[in-house]
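Index from 1, following the sequence. Only this structure's heavy atoms are used, side chains among them; waters, hydrogens and symmetry mates stay out.
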Amino acid sequence: MAKAPFTAEQQSVRVLKVGERVRHILSELLARGEVHDDVVRAAHISVTEVRMTPDLRNATAYVKPLMGAGEDAVVHALRQNTAFLQREVAQRLGLKFAPRLKFRKDESFAEADRIEALLRDPKVLRDLDDEEEDDTNSPDDTV
């Protein structure tokens with residue numbers, strides 16, 4: 001009897017699990033200095049996220065060097081060493097197909113800083129203060 005195919009929910013959980021496993025493998029390879037590249041070895045690189053396609057054939061790894069120093073050089077060096085990293089991930093992952101890796105700078109920290117700066121803007125703070133005053137001045141509906 002044939003197995004029933006994965007439901008959409010099971011598939012998405014599997015994609016997340018495989019992505020997290022790939023992230024751990026890449027982090028381990030980078031932390032142990034197994035990549036034979038001077039730029040990669042010199043930088044302390046965090047793999048912040050790995051996004052997998054639903055078919056698990058492509059993975060986009062978002063990386064951030066410590067303190068954001070030399071991001072472009074680090075991403076370029078990782079792209080030059082993609083074949084080695086793909087081979088290592090494939091061996092350690094044990095899937096039928098090895099995912100193709102792509103490396104990108106993680107810009108989520110810059111986006112968070114931008115949002116923080118917007119929230120600290122005097123106009124926004126004034127609006128937030130007005131909302132708090134409205135909340136304290138509103139009549140209480142409890143009996």
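- To the nearest 0.5 angstrom, Met52 atom CE is 13.5 Å from Ser12 atom OG.
- Taking both residues in full, the closest heavy atoms of Phe103 and Leu85 are given as CZ-CD1, 3.5 Å, listed atom of the first, atom of the second, then distance.
- Put simply, CG on Leu30 and CG on Asp37 are 10.5 Å apart, with the number rounded to the nearest 0.5 Å.
- Scanning for side chain to side chain donor-acceptor pair (under 3.5 Å) contacts around Glu49 gives Arg51, with sequence neighbours left out.
- Across every non-hydrogen atom of Leu101 and Gln86, the tightest pair is N-OE1, 2.8 Å.
- Annotation: side chain to side chain donor-acceptor pair (under 3.5 Å) contacts of Arg41 (sequence neighbours excluded): His36.
- Asp38 is linked by a side chain to side chain donor-acceptor pair (under 3.5 Å) to nothing, counting only residues two or more places apart in sequence or in another chain.
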Side-chain donor-acceptor pairs under 3.5 Å in residues 58-68, sequence neighbours left out?
unit_1, atom_1, unit_2, atom_2, d
Lys64, NZ, Glu71, OE2, 2.7

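- Listed by chain and number, the residues in a side chain to side chain donor-acceptor pair (under 3.5 Å) with Asp106 are Thr48, Ser108 (sequence neighbours excluded).
- Residue pairs that meet the salt bridge (Lys or Arg N to Asp or Glu O under 4.0 Å) test with at least one member in residues 79-102, sequence neighbours left out, are Glu28-Arg92, Glu34-Arg92, Glu88-Arg92.
- Not counting sequence neighbours, the partners of Ala98 by the side-chain contact (heavy atoms from CB on, under 4.5 Å) test are Ala90.
- Between Val50 and Arg21, the closest side-chain pair of non-hydrogen atoms is not below 4.5 Å.
- Distance check, rounded to the nearest 0.5 Å: CG of Leu78 to CG of Leu29 gives 11.0 Å.
- For the residue pair Val39 and Ala73, the shortest heavy atom distance occurs at CG1-O, 3.8 Å.
- Note that NZ of Lys17 and CG of Leu56 are 12.5 Å apart. Values are rounded to the nearest 0.5 Å.
- For Glu20, the side-chain contact (heavy atoms from CB on, under 4.5 Å) partners two or more places apart in sequence, or in a different chain, are Arg23, His24.
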